[in-house]
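Heads up: numbering here begins at 1 and tracks the sequence.
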Amino acid sequence: MSRAEEFERLRPLLFSLAYRLLGSVSEAEDAVQETWLRYDLSATRPASTRAFLSATVTRISIDVLRSARVRREEYVGPWFPEPLLTDPYQDPEHAAELADSLSTASLLLLERLSPLERAVFVLREVFAFGFPEIAAAVGRSESACRQLAVRARRHMRAGRPRFEADRREREELAARFFDALRHGDVDGLRDLLAADVRMVADSGGKAPRWSGGLFGADQVCHMLAVLLPPFAAVGGVMEPRQVNGDAGAVFRDRDGKVVNTWTLDVLDGRIQAIRTVTNPDKLAHLGPVADAWALLREAHRARLDAGFQDPPALSTPPEPAPEADQENRT
C-alpha cells in the first residue's frame, strides 16, 4: 500500500481527532493537510502509520489551539464550534464516546481544558489510545499524561448535567419542537421549553443576533412565533438535521443558501438551550452562505406587510453594523 493510500485510509480518523481538538472544520482540515505534507516528506516509513499520523495531527492541533485561545478571547459574542453534520470516522466499539464527544455541549466543555488536557482527554477517553501512544503524541511522560487525564476527567464531569436525556428522548422531543415550530403552535412550543431556556447566537459580529441572547420560555417562544412566519413567507426553509450528533436544524433561504444552524440541548424532558451559529465564516463548509442581513431586512418588510410588530429584542439595522459588546463564553 502506498503512502497516499495509507493516509487516505486514516484520513477520517485524523479529521475526527483534529475537529474534537479544535472545534473547527476548516482548522481541522488544515491540520490534516499539514499532517500529510509532513508524512510525505519524512525520510523513513514509521513502524505504525496510525500512531505516527495521529501523533502528528495532535501536535499540530495543540499548536493551533494555543494560538486560537488568543483569538477566541477577542471573539465578538459567544464562541461555538463550527457545525458538523457528519462525522467521517466510525468505530462501533467506541460509538457512544464518539457521539457524545461530538456534541456542542461537550465541545464547549472541552474549551475549559488546557490544550494538553484536551489532547490527552480526547485521545484517551474518545479514541481509546494507550498512554504510551498519548505520551509520544503530546511530548510528556506516561505518568504526566495519566495526571492530565485525571484532571481533564474531573473538569468534564463537573461541567456535565447530573442526568442527561438519552438519544431517543432527545430526538423525539426535537421532532415535536420542529413540528410545532413549522405549524406556528405557540402553546406547543412553550410546553417543550424549560422555564429558564436560553437562546444564544454565535455571529462573530458578522451576522444578526439577539443582543445578550434570549432567556426564559416566554421570551424565546415569543421570538420564535414572530420570526418564523415571515422567514417562511420569504421562502426560508427549516431542514431538521443532526448537527454535531445532536438534534438540530439547518435554515436556508429560498435559493438553498445556508442562513444558520441550530442545536438543541435537552434535559429533564425540556429544551434547555437553543444554540445557533450565524457567523458566515463558520458555515461556509456547508455550502453557499446566505446574506443574513439582506434576508432579515426582507423578512422585516414581510412582517410589516402582514401587520406584525418587531419584538423589542430584535431590530433591523439599515446596515450590518459591527457588534461592540463582548459576552461571556458559554
Side-chain angles (χ1 to χ4, degrees), residues 10-11 13-39 50-76 78-84 87 89 94 97-98 100-160 202 204 244 277 279 281-282 326 328-330:
L10 291 166
R11 181 187 287 273
L13 167 64
L14 301 178
F15 172 84
S16 189
L17 172 56
Y19 176 78
R20 285 163 173 81
L21 291 176
L22 298 170
S24 166
V25 171
S26 56
E27 289 178 346
E29 289 174 342
D30 289 346
V32 171
Q33 184 61 26
E34 177 63 23
T35 299
W36 159 248
L37 294 176
R38 295 188 187 185
Y39 179 48
R50 179 180 183 271
F52 174 83
L53 293 177
S54 298
T56 302
V57 80
T58 296
R59 287 193 289 269
I60 292 170
S61 297
I62 288 173
D63 290 341
V64 174
L65 191 58
R66 284 169 172 156
S67 63
R69 282 180 170 259
V70 176
R71 297 197 305 274
R72 288 173 193 174
E73 288 174 359
E74 300 171 349
Y75 195 81
V76 177
W79 180 94
F80 296 155
E82 290 183 13
L84 185 67
D87 185 0
Y89 178 71
H94 303 99
E97 293 85 351
L98 287 166
D100 178 69
S101 65
L102 192 65
S103 72
T104 300
S106 292
L107 290 170
L108 289 174
L109 282 177
L110 285 171
E111 285 290 305
R112 302 181 182 185
L113 306 182
S114 71
L116 283 178
E117 288 173 341
R118 184 167 182 162
V120 170
F121 181 88
V122 168
L123 288 168
R124 181 63 179 173
E125 301 298 323
V126 180
F127 294 94
F129 277 68
F131 279 108
E133 293 175 292
I134 297 172
V138 303
R140 296 291 188 275
S141 68
E142 288 186 43
S143 175
C145 288
R146 291 179 188 276
Q147 293 176 358
L148 287 166
V150 169
R151 288 204 300 268
R153 281 195 295 268
R154 185 168 60 244
H155 290 317
M156 293 295 285
R157 281 198 301 266
R160 292 186 186 279
D202 172 351
N244 285 87
V277 175
N279 184 340
D281 296 342
K282 293 187 174 186
Q326 286 280 344
N328 294 329
R329 300 292 175 266
T330 301

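In this structure the side chain of Leu21 never reaches within 4.5 angstrom of the side chain of Leu110, judged on heavy atoms. Residues Phe127 and His94 form no side-chain contact, since every pair of their non-hydrogen atoms from C-beta on lies 4.5 Å or further apart. A 4.5 Å side-chain heavy-atom check between Asn244 and Tyr19 finds at least one atom pair inside the cut-off. Leu14 is not listed as a side-chain neighbour of Tyr89, based on a closest heavy-atom distance of 4.5 Å or more.
Between the Arg140 side chain and the Cys145 main chain, no donor and acceptor come within less than 3.5 Å of each other. Using a distance-only test at 3.5 Å, with no hydrogens or angles considered, no donor-acceptor pair links the side chain of Thr56 to the main chain of Thr35. At distances below 3.5 Å, not a single donor-acceptor pair connects side-chain atoms of Ser54 with backbone N or O atoms of Ala51. Remark: side-chain polar atoms of Asp202 are not paired, donor with acceptor, to backbone N or O of Trp79 under 3.5 angstrom. Between the side chain of Arg20 and the backbone N or O of Ser16 there is at least one donor-acceptor pair closer than 3.5 Å.
In this structure, the separation between OG on Ser24 and NZ on Lys282 is 8.0 Å, given to the nearest 0.5 Å. Note: Arg38 CZ to Arg59 CZ = 8.0 Å, rounded to the nearest 0.5 Å. Separating the CG atom in Leu37 from the CD atom in Glu34 is a distance of 5.5 Å, to the nearest 0.5 Å. Separating the CE atom in Met156 from the CZ atom in Arg154 is a distance of 13.5 Å, to the nearest 0.5 Å. To the nearest 0.5 angstrom, Phe121 atom CZ is 8.0 Å from Arg153 atom CZ. Atoms CD1 and CG, on Ile60 and Leu22 in that order, are 10.0 Å from each other to the nearest 0.5 Å.
The minimum heavy-atom distance between Glu27 and Arg71, with the atom names listed, is OE2-NH2, 2.5 Å. The two residues Val57 and Ala18 come nearest to each other via the heavy atoms CG2-CB, 4.0 Å. Taking all atoms of both residues into account, the shortest heavy-atom contact from Val126 to Ser101 is CG1-OG, 3.4 Å. Closest heavy-atom contact between Arg118 and Leu65: CD-CD2, 3.7 Å. A pairwise comparison of heavy atoms in Pro83 and Val25 identifies O-CG2, 4.0 Å as the closest pair. Of all heavy-atom pairs between Pro81 and Val277, the closest is O-CG2, 4.0 Å.
Taking the centre and axis of the six-membered ring of Phe129, the NZ or CZ atom of Arg50 falls inside the cone set by 45° and 6.0 Å.
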side-chain contact (heavy atoms from CB on, under 4.5 Å), that's the test. Do Val32 and Arg11 meet it? Break it down for me. CA-CA 7 Å; Val32 171; Arg11 181 187 287 273; 3.7 Å; yes

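Using cut-offs of 30° and 60° for the angle between ring planes, the Trp36 and Tyr39 rings count as perpendicular.
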